Every structure is written in C-alpha cells, then in structure tokens.
Amino acid sequence: MHEDGNGGAHGAVGHMTPSGADQEFLALERELTVLLRRARSSQGEMAREVHPDLESSAYGLLIRLDELGGQRATELAAYIGVGKATMSRQLRALEDLGLIAREPDPADGRAWLVTLTDEGSRRVGTVREARRARYVRQLAHWDRREVAELARLLHELNGVMAK
C-alpha cells in the first residue's frame, strides 16, 4: 500500500469513497478506461498496417481467423458480439481487400467457412510480430512471471466479462 500526495492510502481493502464506491473498483475502472482507450488507438494503427483501408473493428476478426483458422460467419459474429448484418458487411469488406476468402464447410455443404487468404495471413502475421516485439521492448524491465501473471489475470477478466 502507498500513500498519495494528500496522505491518503491507496489500495486499502474496502476503503469507501464518500459516494460509497470501493476505491479498488474506482481504480480498476480508471485503469481499464485508459487501457481500452489506448487499445482502440493501437487497434486502429494495426488495422491500417494490415491494409490502409481496413476498418479498425475488423482487425479482431483477422486475429481470430489467424489463431483458429476457418470459422463460420455466425461463430465470428458471436465471438465479436455483433449481428449477422454487421458481420456480413465486415466480411464483404475484408473479402474485397483480398484478406479473407469463403470456402464450403466440409462438415456442412450448406455452410461456408471464412479463412485468411495467403496475403491476409502474411499481413496479419507481420503486424502481430511487430506488436509482440513492441511489448517485449516496453516490458523488458518486467519479470517474465509478472508478464505471465498479467496475461493470466486479463484472460480471467475476459472470461468473466464474456458471461
């Protein structure tokens, strides 16, 4: 626990503000707000690095396809949390940019799988590698166990938020 410039303690368990909010949860909200603002900005930059005409919101689709391979549009829509019309529009734009292709689902001939094209895979891989290298540089002074713990806690938080 440390004190702020006014002699007040930060991190005291259960410390309530005059409005009745826990300090810990106010600090969490503040830090997540900063993180999310920076993540949105970074996502836009990475999207433009993949392709100058790529919408920021579509970058996450490319990452998902890079990690899992072929996915149905309905699976992608559920993962991203958008409707079918929005997903269809985003996929059409990605297809027009030559980053994805649709192919018949071998498990169900009526359905289609969305996959990265070779060009899409190459571009996404290049951007992801540059991002990982940036994280390594920025967090070089952190112990690897701290990095692993941060990743574990973020994974746990993402799991809770998905429910």
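All values reported here derive from a predicted model rather than from experimental measurement.
Identified under the salt bridge (Lys or Arg N to Asp or Glu O under 4.0 Å) test for residues 143-153, with sequence neighbours left out: Asp143-Arg145, Glu149-Arg152, Arg152-Glu156. Sorted by first and then second residue, the salt bridge (Lys or Arg N to Asp or Glu O under 4.0 Å) pairs involving residues 66-95 (not counting sequence neighbours) are Glu55-Arg89, Asp66-Arg128, Glu67-Arg128, Arg72-Asp105, Arg72-Asp108, Glu95-Arg102.
Both Met161 and Leu28 are part of a single hydrophobic cluster, where members link through side-chain heavy atoms under 4.5 Å apart. The hydrophobic clustering, which links ILVMFWY residues whose side-chain heavy atoms are closer than 4.5 Å, places Trp142 and Leu154 together.
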Which donor-acceptor pairs under 3.5 Å do the side chains of residues 32-44 make with protein atoms, sequence neighbours left out?
unit_1: Thr33; atom_1: OG1; unit_2: Glu29; atom_2: O; d: 2.8
unit_1: Ser42; atom_1: OG; unit_2: Arg134; atom_2: NH2; d: 3.3
unit_1: Gln43; atom_1: NE2; unit_2: Ser56; atom_2: O; d: 2.6

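By the 6.0 Å contact criterion, CG on Asp53 is enclosed, its count of non-hydrogen atoms from other residues, nucleotides or ligands being greater than 12.
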Requested in this report: Begin from the C-alpha positions of Glu45 and Arg48 and carry the test salt bridge (Lys or Arg N to Asp or Glu O under 4.0 Å) through to its verdict.
Outcome: CA-CA 5 Å; Glu45 292 170 11; Arg48 285 185 296 279; 5.3 Å; no
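The hydrophobic cluster containing Leu76 also includes Met46, Val50, Leu54, Tyr59, Leu61, Leu62, Ile63, Leu65, Tyr79, Ile80, Val82, Met87, Leu91, Leu94, Leu97, Leu99, Ile100, Val114, Leu116, Val124, Val127, under a criterion of side-chain heavy atoms closer than 4.5 Å among ILVMFWY residues, counted directly or through chains of members. Through direct or relayed side-chain contacts under 4.5 Å between Ile, Leu, Val, Met, Phe, Trp and Tyr, Leu68 connects to no other residue. Val136 belongs to no multi-residue hydrophobic cluster, having no ILVMFWY side-chain contact under 4.5 Å with any other such residue.
One finds the CG atom of Leu157 at 8.5 Å from the CG atom of Leu153 (value rounded to the nearest 0.5 Å).
Note on Glu129 versus Arg132: salt bridge recorded, some NZ/NE/NH1/NH2 to OD/OE distance being below 4.0 Å.
A donor-acceptor pair under 3.5 Å links the side-chain atoms of Thr117 to the main chain of Gly98, judged by distance alone.
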